[in-house]
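So the structure is just underneath, and the comments pick up after that.
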Amino acid sequence: MIKLFSVKEKQKQEAAASNGKVVKQSAGELRLQKDLSELNLSKSTTIEFPNGKDKLLHFLVTLKPDEGYHRGARIKFSFDVSP
């Protein structure tokens with residue numbers, strides 16, 4: 001139990017030393033980051049992060065079909081992932 005308190009105290013000191021810039025990622029962010037790194041997109045699909053690369057929980061996917069009935073169209077999807 002004493003060891004646990006010493007670890008927590010050390011974490012508080014490190015956070016204070018870095019001026020509170022330590023940002024803990026949620027489970028949803030970690031999973032999304034892993035899935036995006038493994039993603040293979042076709043040339044007709046793009047992903048945009050309007051809030052920057054640090055805010056992964058909101059992103060836009062744009063599809064631009066190059067064949068078929070919807071050829072030349074742009075289909076946009078907006079995703080909001082809960083943390």
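Hydrogens, waters and symmetry mates play no part in the numbers below; they use all other heavy atoms, side chains included.
- Of the N and O atoms on the side chains of H58 and D80, at least one donor lies less than 3.5 Å from an acceptor on the other residue.
- When the side chains of ILVMFWY residues are joined at heavy-atom separations under 4.5 Å, either directly or via intervening members, I75 and L39 end up in a single hydrophobic cluster.
- Annotation: side chain of T62 is not in contact with side chain of T45 (no heavy-atom distance under 4.5 Å).
- Looking at heavy atoms from C-beta onward, N51 lies out of side-chain contact with L57 at the 4.5 angstrom threshold.
- Distance check: R71 CZ to S44 OG gives 13.5 Å after rounding to the nearest 0.5 Å.
- Residues I47 and L30 do not share a hydrophobic cluster, defined by chaining ILVMFWY side chains whose heavy atoms lie under 4.5 Å apart.
- Put simply, the side chain of S78 does not reach to within 4.5 Å of the side chain of V61, judged on heavy atoms.
- Taking CG of L60 as the reference point, atom CZ of F77 lies at 11.5 Å (rounded to 0.5 Å).
- Closest of all the heavy-atom pairs between P65 and A73 is CD-O, 3.4 Å.
- Rounded to the nearest 0.5 Å, atoms NZ (K43) and NZ (K64) are 12.0 Å apart.
- Expressed to the nearest 0.5 Å, how far CG of L56 lies from CG of L36 amounts to 6.5 Å.
- A distance of 12.0 Å separates CZ of F59 from OG1 of T46, quoted to the nearest 0.5 Å.
- One finds the OG atom of S42 at 7.5 Å from the CG atom of D66 (value rounded to the nearest 0.5 Å).
- No donor-acceptor pair under 3.5 Å is formed between the side chain of E38 and the backbone N or O of D35.
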